[in-house]
Structure formats: structure tokens, C-alpha cells
Amino acid sequence: MIRIRHTDENPHEASEINVTPFIDVMLVLLVIFMVTAPLTTVNVPVDLPSSTEKPTPRPDDPVFLTVKADHGLALGEEDISTDTLPSALETATKGNKDERIFLRADRSVDYGTLMGVMDKLRSSGYLKVALVNLQGQEEGSEAGTAPAANVGETSSAGSSRSSAVP
């Protein structure tokens, strides 16, 4: 008697990995992340409150850097250029990089210009910058009528706090 062996008679084990459950899990995770990703962004406008912190005493000889309406710079009363800013600050602060620089800007100066000046201060090594504005003045009133100035300090980390300078 002759027996012919067929390959179908011996069951073979499947050597492939079944990836269907893996793909199902990945698709479920993809859908979950697609639904939750837009919820993680913050698009809420916030009107931040003012600070109630006590006024800080004004230094004896403060260094005021002013950004004028024409985007020119003035250190104290003297007009300077952006290129001479580091050397002028070195002279005004007597080389003390820890001295606070009081930065004032005209209302018409755009944010990009102000940040450019702050970047120039940071690259020069002056990390203590106080932003100055007028206190007790309404939006439409004249510029010289306020008795005091508000100062918001910023550091290299970008945090801010407000205090008043008499």
C-alpha cells in the first residue's frame, strides 16, 4: 500500500505575530489624543489684577533707559544709539551688572521694539529690568499729571511683579 502524505495533515503553528489587536489599540489611542489635544490649549482672555505690593524705595541714582516715540533711545537725558547702548550702560552703572535698569517706553512704541531693547539689555548682562509706567492716570489724560510711577520688575526667567516708585 502506498500512502501519499499531504501537507495539510500535519497542523503547523503560525509563526507570524497577530498585529490586529495592536493596530486596534493604536487607533483608539489616536482618537483619544485627537479629541483631547484641542482641549489642552488655553484661549481664554484674562484681565489680570493689579498688584497690592508695597512701593519699593527708589535708588539714590536710578538708571533710566527710555525708548522714545521715534524708536530712539535715551539713557538718562542723553540720546544714544542701539550700538552704543552696552558701553553707555557700562559707564552709567560703573560696571555693576546687578544694578536695576528702569526701562520706560512711549505709548506708541510697538512690542517688538521694546522686546528688542530688552534683548539688548539681556545680551549686555543686565538682567534686572524694571518697566516704568504712570500711576493714577486714566487712559485719555495727559502724560505729565501723574504723581508717581508704577514699576514692574522682570528677571531673566521672565517672571514679573509690580511695585510703585515714589
Side-chain angles (χ1 to χ4, degrees), residues 3-56 62-74 81-83 85-86 89 93 96-141 143 146 148-165:
R3 256 181 117 175
I4 300 176
R5 285 182 93 175
H6 295 286
T7 57
D8 295 316
E9 291 178 5
N10 293 334
H12 294 284
E13 290 185 25
S15 61
E16 304 92 33
I17 296 174
N18 187 4
V19 294
T20 305
F22 179 71
I23 292 172
D24 291 343
V25 170
M26 288 297 124
L27 287 175
V28 169
L29 288 175
L30 178 67
V31 169
I32 290 171
F33 287 129
M34 287 174 56
V35 169
T36 59
L39 301 177
T40 60
T41 60
V42 179
N43 291 334
V44 179
V46 175
D47 185 17
L48 296 175
S50 62
S51 175
T52 57
E53 194 171 322
K54 299 279 188 231
T56 56
V63 178
F64 283 100
L65 178 63
T66 306
V67 182
K68 299 184 285 185
D70 63 354
H71 295 208
L73 297 177
S81 69
T82 307
D83 298 332
L85 178 62
L89 281 172
T93 61
N96 182 10
K97 302 274 187 188
D98 288 332
E99 187 167 345
R100 181 175 293 121
I101 307 298
F102 292 92
L103 181 61
R104 304 183 303 170
D106 190 87
R107 183 183 303 258
S108 64
V109 173
D110 61 300
Y111 186 72
T113 302
L114 185 63
M115 288 310 297
V117 172
M118 289 183 73
D119 285 343
K120 191 76 167 176
L121 287 170
R122 185 179 303 128
S123 67
S124 300
Y126 294 94
L127 303 178
K128 292 184 177 180
V129 177
L131 300 175
V132 180
N133 70 339
L134 295 177
Q135 177 185 12
Q137 176 175 324
E138 295 191 22
E139 278 296 311
S141 63
N150 247 0
V151 177
E153 296 180 25
T154 61
S155 65
S156 61
S159 64
S160 67
R161 65 179 173 215
S162 297
S163 58
V165 174

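The figures that follow rest on heavy atoms only: side chains count, while hydrogens, waters and symmetry mates do not.
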- Give a yes or no on this: more than 12 heavy atoms of other residues, nucleotides or ligands lie within 6.0 Å of atom CD1 of I17. no
- For atom CE of M34, is the number of surrounding heavy atoms from other residues, nucleotides or ligands below 6.0 Å larger than 12? no
- Task: Check step by step if side chain to side chain contact (heavy atoms under 4.5 Å, CB included) holds for V117 and T82.
- Result: CA-CA 8 Å; V117 172; T82 307; over 6 Å; no
- Task: For K97 and S124, work out which heavy atoms get closest and say how close.
- Result: NZ-O, 2.6 Å
- Look up atom CG in D70 and atom CG in D106, then write down how far apart they are to the nearest 0.5 Å. 9.0 Å
- Message: Just so I know, are the side chains of L127 and R122 near enough to count as touching, which here means a heavy-atom distance under 4.5 Å?
- Response: yes
- Item | Side chains of L103 and V67 in contact at under 4.5 Å (non-hydrogen atoms) | yes
- Quick one: pull up NZ in K128 and CD1 in I101 and give me the separation to the nearest 0.5 Å. 11.0 Å
- Y126 side chain to K120 backbone, donor-acceptor under 3.5 Å: no
- Message: Does E99 form a side chain to side chain contact (heavy atoms under 4.5 Å, CB included) with V63? I'd like the steps, not just the answer.
- Response: CA-CA 8 Å; E99 187 167 345; V63 178; 3.3 Å; yes
- Task: Go through the structure and list residues passing side chain to side chain donor-acceptor pair (under 3.5 Å) with N96, not counting sequence neighbours.
- Result: none
- Separation of S108 OG from H71 NE2 (nearest 0.5 Å): 6.5 Å
- Item | side chain to side chain contact (heavy atoms under 4.5 Å, CB included) partner of F33, the single match among T36, L30, V31 | T36
- Task: Locate the shortest heavy-atom distance separating L114 from A105; write the atom from each residue and the value.
- Result: CD1-CB, 3.9 Å
- CG of L65 to CZ of R104: how many Å apart, nearest 0.5 Å? 9.5 Å
- Message: Can a donor-acceptor pair be found, under 3.5 Å and without considering hydrogens, that links the side chain of T113 to the backbone of V109?
- Response: no
- Distance-only donor-acceptor check, side chains D83 and S81, under 3.5 Å: no
